[in-house]
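Structure record follows, encoded as structure tokens.
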Number of protein chains: 2
Amino acid sequence: MASQQKTSRKAAGTQAAIRRPQARAANSRSQRGDAGDDIGLDALVGHAGYAVRRFQLWIFQDFIKTLATVDIRPTQYSVMTVIGANPGLSQMAVAKRLGIERARLVHLLDSLEERDFVSRIASATDRRSHALHLTARGRTALAQFKRLAAEHERHVAEKIGKENRERLLQILACFT
Amino acid sequence: MASQQKTSRKAAGTQAAIRRPQARAANSRSQRGDAGDDIGLDALVGHAGYAVRRFQLWIFQDFIKTLATVDIRPTQYSVMTVIGANPGLSQMAVAKRLGIERARLVHLLDSLEERDFVSRIASATDRRSHALHLTARGRTALAQFKRLAAEHERHVAEKIGKENRERLLQILACFT
DNA sequence: TATTGTTATACTCTATAACTATA
DNA sequence: TATAGTTATAGAGTATAACAATA
């Protein structure tokens with residue numbers, strides 16, 4: 001069945017395909033070569049998820065660009081920030097708090113430890129777990145990251161408006 | 001250098017590691033076994049990107065769950081919606097409009113075509129491109145998807161409040 | 001038995017580059 | 001030469017399962 005479809009697709013790509021007159025629907029502009037600028041999205045307007053997805057893409061791209069000089073990505077920043085504010089946390093605790101898989105946190109911490117920003121110290125009370133701390137270098141670096149992150153937040157404010165940014169933070173406060 | 005770090009990590013995992021008294025910082029609770037419920041996030045509050053990321057995770061999970069019976073994911077929904085509202089679009093036009101890679105759209109359309117929701121029809125004017133249309137079955141299915149998506153939007157309204165949802169859509173209108 | 005950190009696997013998504021057939 | 005669709009590959013990100021050490 002999959003091969004059937006493949007065949008029909010290939011056929012459409014290379015040679016004549018069934019051109020059905022049936023397809024003349026509501027919004028009908030039958031053949032358009034436009035580049036996507038004037039395409040009606042009516043049906044997606046009013047969908048919160050779509051707007052939020054597009055916004056998230058923009059905001060992460062700006063964050064990554066703004067912190068490109070220090071090569072820190074949003075998740076790395078959030079990990080260092082939480083450890084900095086709560087030294088001694090276990091990996092499980094950090095993973096749960098940030099909603100990331102503990103398996104993934106292992107690799108994130110590997111890279112942060114290689115760069116000497118974070119250290120895993122044997123827990124005094126539970127020999128299974130590590131107490132996470134920023135190194136001296138990590139604390140200095142985080143201070144710089146925070147200055148760049150603040151610059152990124154200013155970009156957000158410029159993009160959607162200062163008041164709108166604050167309204168947004170209020171509305172979404174229940175998700176932090 | 002990487003191997004050095006690996007070694008130190010392994011050592012920390014199995015045996016005694018350097019426990020530095022240095023690490024006693026501002027917020028200091030040195031050893032905590034808690035499960036992540038009462039961890040201060042102070043430093044992440046006020047970061048739009050973090051709030052938006054958490055919200056996006058929630059909203060996509062709810063969308064996927066609400067449309068699980070019809071096995072349609074957010075991106076598939078957006079593709080069918082745009083094609084339904086603009087029949088005859090090329091793949092490039094759809095990709096550009098939705099901000100997805102044209103290479104990825106190929107596979108998305110493959111699966112939608114296999115399920116007989118969408119058809120690629122040879123363009124009358126440009127033999128390189130395909131005109132995209134919903135099939136009859138696709139139009140019927142999309143109507144049902146839209147009913148389920150509306151249910152999902154009600155979940156969003158319940159979660160953050162009806163007025164807040166509308167404020168959010170206004171604020172993010174520039175990203176659609 | 002259950003949990004912590006770890007490794008491994010698979011699947012989605014994103015980002016590229018290259019190939020073909022057309023323009 | 002450039003563009004549309006396709007294929008392939010590599011990197012993040014997510015979701016699991018399993019394992020050793022420890023509780």
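Just so we're on the same page: letters track the sequence lines, and every chain starts at 1.
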Compare the minimum distances between each of [options] and the side chain of [X], then state the nucleotide with the smallest one.
X      : options               : result
A:S90  : C:dG5, C:dA8, D:dA23  : C:dG5
A:S129 : D:dT7, C:dT4, C:dC13  : C:dT4
A:R120 : C:dT14, C:dT6, C:dA23 : C:dT6

Give the rounded distance in Å between these two atoms: [atom1] of [X] and [atom2] of [N].
X      : N      : atom1 : atom2 : result
A:M92  : C:dA2  : CE    : C1'   : 12 Å
B:I64  : D:dT14 : CD1   : C1'   : 11 Å
B:H130 : C:dA23 : NE2   : C1'   : 15 Å
B:F60  : D:dT14 : CZ    : C1'   : 14 Å
B:D126 : C:dT20 : CG    : C1'   : 14 Å
A:D110 : D:dG11 : CG    : P     : 17 Å
B:Q91  : C:dA21 : CD    : C1'   : 14 Å
A:K96  : D:dA15 : NZ    : C1'   : 17 Å

Backbone of [Y] reached by a side-chain donor or acceptor of [X] within 3.5 Å:
X     : Y      : answer
B:R53 : B:A48  : no
B:Q91 : B:H130 : no
A:R54 : B:L98  : yes

B:F60, B:F145, B:F63, B:F117 screened by ring pair (Phe, Tyr, Trp, His ring centres under 6.0 Å) with B:Y77, the one that passes: B:F63
With nearest nucleotide decided by heavy atoms, which residue, A:Q61 or A:H107, maps closer to the 5′ end of DNA chain C? A:H107
When the nearest nucleotide of DNA chain C is assigned to B:R104 and to B:E101 on a heavy-atom basis, which residue is associated with the more 5' position? B:R104
Has the side chain of A:R128 got a donor or acceptor that lies under 3.5 Å from a partner of the other kind on the base of C:dT3? yes
Does any donor-acceptor pair link the side chain of A:R102 with the base of C:dG5 at a separation under 3.5 Å? yes
Output, in order, the C-alpha distance, side-chain angles, deciding distance and verdict of salt bridge (Lys or Arg N to Asp or Glu O under 4.0 Å) for B:R120 and B:D110. CA-CA 10 Å; B:R120 293 186 244 223; B:D110 284 352; 2.3 Å; yes
